[in-house]
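Each chain gets a letter, A, B and so on, in the order the sequences are listed, and its residues count up from 1.
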Amino acid sequence: MFKAWLIFKKDLQQEFRTRYAVNAILLFSVVTLTAVSFSIGAFSADNDILSALLWIILFFSSMSGLSHIFVREEETHTSDTLKLVSPATSVFIGKLFFNLFLLFALEIITVPLFIAVMNLNIVNLSLFILVIFLGSLGLAAGGTIVAAIISKAGAKGALFTILSFPILLPVLISGISATKKAVTEPLISSASSELQALIAYAVVITTASILLFDFVWNE
Amino acid sequence: MIQLKAENISKNFSDFKIFKDISFEVSSGQCLAITGRNGSGKTTLIRVLSRLIQPSSGKLSVSENAAIIQKENIYKYIGLIGPYLELYQDLTAQENLVFFARMKELKNYEDRVARLMEMIGLKGREHDLVKTYSSGMKQRLKYVAALLAEPEILFVDEPRSNLDEQGIETVYQIFEEQKKDNMLILATNDSDDLQFADMRVDLNV
């Protein structure tokens with residue numbers, strides 16, 4: 001775990017200096033949010049549509065930035081250097097921490113902005129925060145393993161979104177449904193099945209990714 | 001005592017054969033030179049031996065006092081310098097070295113970092129970003145990074161790459177030091193480098 005922490009710290013240090021992923025992800029989310037607010041217009045969309053729009057913005061924004069973590073290692077020829085100093089599991093966990101950090105940073109800015117611009121009324125704030133948190137775990141874990149897979153391919157950008165979509169679809173569906181309940185239902189128990197699905201997805205995809213990563217990283 | 005043993009190792013990329021049936025045995029205190037014309041597979045063989053890629057067939061083992069070292073622990077024993085291995089350009093030299101030292105679980109590495117930086121001629125440039133270094137300085141820094149953990153096996157692909165005369169002299173001192181107790185594996189075409197070799201694998205044959 002200590003090595004994963006060192007890799008996370010190293011990636012964070014690089015990101016603060018270059019801001020490749022942060023710039024891509026934040027600009028994409030702000031531009032999309034602006035485009036959506038102009039197209040739909042405030043006060044005219046109901047909660048079902050707004051919940052779906054929030055997750056679509058989060059999904060596509062994360063698609064623009066989550067792959068950087070492995071693509072950068074390949075493009076700067078540092079992946080072999082990293083292989084020489086670290087076991088594969090530490091690399092995956094370190095990169096997963098970084099993508100989680102990136103997603104949370106994105107959400108801290110994008111979600112309040114979305115709520116304000118789109119005039120989203122949240123009935124159950126704690127459920128809303130829980131759904132965003134669990135959804136982010138799933139998005140980050142799925143996005144990280146797909147990023148590792150596509151980093152060695154030619155058309156990385158297009159492949160990342162295409163491969164990620166079917167893998168992350170359960171997070172999107174459960175996230176949208178649970179968000180819809182957070183804005184309409186006062187009780188957390190109303191979204192228990194969606195929360196279970198989000199937790200199960202995060203656990204399964206993280207475990208499967210850790211088990212498969214050695215093969216992806218070293219082949 | 002470390003031993004590296006290759007038995008009939010071959011490597012193909014799809015149907016393209018890179019090398020076939022290479023066998024040798026090297027121990028601590030010895031230097032193996034891998035020679036061959038451009039494109040003969042020297043770099044691929046170094047990458048296979050350092051476990052960055054798998055051989056297509058054959059058996060490769062590293063043992064310490066006759067006990068086989070597991071593949072997932074090999075990285076603790078090796079240092080590798082090659083043109084295809086880059087350091088983190090957006091970090092300073094010091095940050096790179098501290099990262100590698102901590103990843104290799106080294107204790108009290110500060111003195112060794114300072115000593116190696118002085119020996120290689122980079123003292124005073126520790127806090128500069130690696131991207132501001134010249135290619136020769138980057139090559140020198142790769143030597144420092146590889147030597148930090150005093151590796152039992154040091155792989156060097158194209159040892160003289162981008163180095164000036166003074167740099168080559170320093171590198172030769174490193175080779176002499178490495179050969180005293182540890183293993184050195186060079187991929188080179190330069191006849192001067194072959195003075196260190198105790199055995200040779202010629203990929204032209």
Side-chain angles (χ1 to χ4, degrees), chain A residues 1-24 68-95 97-98 102 148 151-154 210-219, chain B residues 13 43-44 46-56 70-92 94-106 109 128-132 138 141-142 144-149 151 153-155 157:
Chain A
M1 206 46 130
F2 177 66
K3 288 185 179 177
W5 164 249
L6 288 176
I7 291 169
F8 166 71
K9 223 177 97 183
K10 181 269 296 174
D11 285 332
L12 206 59
Q13 225 168 357
Q14 279 185 290
E15 187 57 37
F16 272 121
R17 295 213 175 119
T18 59
R19 297 192 191 89
Y20 284 133
V22 166
N23 282 350
H68 279 283
I69 197 74
F70 280 108
V71 171
R72 183 165 55 193
E73 297 280 1
E74 288 297 328
E75 287 181 348
T76 56
H77 307 287
T78 50
S79 58
D80 281 348
T81 314
L82 196 54
K83 279 177 199 165
L84 288 170
V85 293
S86 175
T89 310
S90 303
V91 175
F92 180 78
I93 296 172
K95 303 287 186 192
F97 283 166
F98 179 81
L102 203 62
S151 64
K152 291 177 173 93
I210 288 171
L211 293 173
L212 289 172
F213 185 70
D214 188 37
F215 180 75
V216 173
W217 182 236
N218 289 311
E219 289 301 318
Chain B
F13 288 121
T43 295
T44 306
I46 285 270
R47 286 167 63 83
V48 167
L49 296 177
S50 60
R51 303 297 179 96
L52 283 175
I53 53 174
Q54 301 302 313
S56 304
Q70 293 305 306
K71 189 190 150 214
E72 56 270 25
N73 292 323
I74 290 280
Y75 73 95
K76 293 177 184 167
Y77 294 81
I78 65 174
L80 171 59
I81 298 140
Y84 40 87
L85 278 184
E86 288 295 338
L87 300 169
Y88 293 103
Q89 307 286 313
D90 299 310
L91 301 183
T92 66
Q94 184 77 15
E95 286 164 348
N96 267 283
L97 297 174
V98 168
F99 173 68
F100 294 128
R102 296 182 81 189
M103 289 299 288
K104 289 236 177 187
E105 298 167 35
L106 304 184
Y109 51 82
D128 293 350
L129 292 178
V130 172
K131 66 181 171 194
T132 66
K138 283 179 189 166
L141 190 60
K142 287 181 195 175
V144 178
L147 292 168
L148 263 182
I153 310 174
L154 181 65
F155 295 95
D157 192 358

Check: A:Thr81 and B:Phe100 side chains under 4.5 Å, non-hydrogen atoms: yes
Largest heavy-atom contact set with chain B, pairs under 4.5 Å, which of A:Ser86, A:Ser90, A:Ser79: A:Ser86
Ion pair A:Lys83/A:Glu74, N-O distance below 4.0 Å: no
Expected output: side-chain B:Asn96 to main-chain B:Tyr88 donor-acceptor under 3.5 Å: yes
Aromatic ring pairing A:Phe97/A:Phe8, orientation class (parallel under 30°, perpendicular over 60°, tilted between): perpendicular
Among the listed options A:Lys9, A:Gln14, A:Lys10, the residue most often paired with chain B at heavy-atom distances under 4.5 Å: A:Lys10
Structural part of B:Arg47 lying under 4.5 Å from a heavy atom of chain A: side chain
Flag, side chain of B:Lys142 to backbone of B:Leu85, donor-acceptor distance under 3.5 Å: yes
Residue, of B:Gln89, B:Arg51, B:Glu95, B:Lys104, that accumulates the most heavy atom pairs under 4.5 Å with chain A: B:Glu95
Proximity breakdown for B:Leu129 and chain A, heavy-atom pairs closer than 4.5 Å: side chain
Side chain / backbone / both / neither for A:Thr76 at chain B, heavy atoms under 4.5 Å: backbone
